[in-house]
Amino acid sequence: MSCGLCAAGTVGVVMDVDAAAKLAEALLAEALPRRWRHVRSVARRARWVAGKLSLSDDLVMAAWLHDIGYAPELVETGFHPLDGARYLRQFEIDDQVVSLVAHHSCARIEAEVRGLGAALAAEFPPGDPLLTDALLFCDMTTGPDGDYVRPADRLVEIRGRYGPDHEVTRFVEQAASEILTTAGQVEELLAAQPR
């Protein structure tokens with residue numbers, strides 16, 4: 001199925017992976033080209049991880065959509081997982097995908113740092129743990145320009161990009177151990193799969 005934004009900003013068909021990619025492109029490619037490069041690479045990595053671990057296409061859809069909350073027209077709270085998930089509620093999309101977007105990459109910790117923890121928890125239940133972990137792995141092994149990075153290096157890059165006093169840096173400092181542990185566990189799962 002294909003999907004495009006209509007004048008009212010809604011979609012007229014059920015969303016699938018191709019539609020998710022087109023929606024992300026429409027929201028990010030022109031407005032935020034660097035973010036779009038990151039998203040494309042996260043989605044490629046998610047397709048590979050889903051294949052290796054026999055995971056559903058929900059992972060790939062969520063990878064395409066995980067950063068749409070950065071799109072200028074979607075910013076409401078300034079917390080991209082929440083803004084993106086709120087936007088996605090209007091589409092015919094599996095709740096699992098919306099939850100994955102809402103909770104990607106330890107978003108619950110950042111939501112607490114930003115004073116939005118209660119809102120996130122009330123509006124969106126956590127997604128499937130394995131899919132959530134796999135999405136974190138894909139996101140945290142992809143740099144801002146789409147290149148592969150080690151998760152520890154990704155955290156250093158994020159801290160450097162935002163600076164020492166930013167909410168995102170405070171989040172990274174609180175979530176670093178969980179991010180590194182989770183990414184390591186997914187890497188072990190991938191390594192254990194037959195080639």
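Taking the charged nitrogens against the carboxylate oxygens, R108 and E112 have no contact shorter than 4.0 Å, which rules out a salt bridge. Note on R45 versus D139: no salt bridge recorded, every NZ/NE/NH1/NH2 to OD/OE distance being 4.0 Å or above.
Side-chain heavy atoms closer than 4.5 Å link hydrophobic residues (I, L, V, M, F, W, Y) into clusters, and following such links, possibly through other members, connects L53 to L135. Grouping the Ile, Leu, Val, Met, Phe, Trp and Tyr side chains by contacts below 4.5 angstrom, directly or via other members, places L130 with L100. One hydrophobic cluster, built from ILVMFWY side chains closer than 4.5 Å, holds both Y162 and L32.
In terms of heavy atoms, D83 sits closest to G69 at CB-O, 4.1 Å. The shortest non-hydrogen separation linking R154 to G143 is CD-CA, 4.2 Å. Of all heavy-atom pairs spanning A63 and A43, the tightest one is CB-CA, 3.7 Å. Here the closest heavy-atom approach between residue L190 and residue K52 is recorded as CD2-CB, 3.7 Å. Between A175 and I109, the shortest heavy-atom distance links the atoms CB-CD1, 3.8 Å.
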Output, in order, the C-alpha distance, side-chain angles, deciding distance and verdict of side chain to side chain contact (heavy atoms under 4.5 Å, CB included) for R89 and E123.
CA-CA 10 Å; R89 284 192 290 213; E123 292 182 47; 3.1 Å; yes

Passes salt bridge (charged side-chain N to carboxylate O under 4.0 Å, His left out), E25 versus K22? Steps please.
CA-CA 5 Å; E25 181 176 17; K22 288 177 183 173; over 6 Å; no

List the steps and the verdict of side chain to side chain contact (heavy atoms under 4.5 Å, CB included) for R47 and V17.
CA-CA 10 Å; R47 166 95 37 222; V17 172; 3.4 Å; yes

Give the intermediate values and the outcome of salt bridge (charged side-chain N to carboxylate O under 4.0 Å, His left out) for residues R37 and D147.
CA-CA 9 Å; R37 286 192 300 274; D147 52 322; over 6 Å; no

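With R170 contributing its side chain and V113 its backbone, the two residues share no donor-acceptor pair below 3.5 Å. Between the side chain of T169 and the backbone N or O of G163 there is at least one donor-acceptor pair closer than 3.5 Å. Checked by atom type and distance alone, the side chain of E178 never pairs as donor or acceptor with a backbone atom of C106 at under 3.5 Å. The backbone N or O of P125 lies less than 3.5 Å from a partner atom in the side chain of S99, making a donor-acceptor pair. Remark: side-chain polar atoms of D57 are not paired, donor with acceptor, to backbone N or O of V60 under 3.5 angstrom. Side-chain N or O atoms of D67 include none that pairs as donor or acceptor with a backbone N or O of V39 at under 3.5 Å. Between the side chain of D58 and the backbone N or O of Q96, no donor-acceptor pair lies under 3.5 Å. A donor-acceptor pair under 3.5 Å is formed between the side chain of T132 and the backbone N or O of D128.
Tested against H80 for a side chain to side chain donor-acceptor pair (under 3.5 Å), the candidates H104, R35, E110 yield a single pass: H104. Considering D95, V101, V98 in turn, V98 is the only one that fulfils the side chain to side chain contact (heavy atoms under 4.5 Å, CB included) rule with F124.
Ring geometry for F91 versus Y87: interplanar angle over 60°, hence perpendicular rather than tilted (30 to 60°).
For H66 and H38, the ring centers are positioned less than 6.0 Å apart.
Judged by the 6.0 Å and 45° rule, R114 forms no cation-pi pair with F79.
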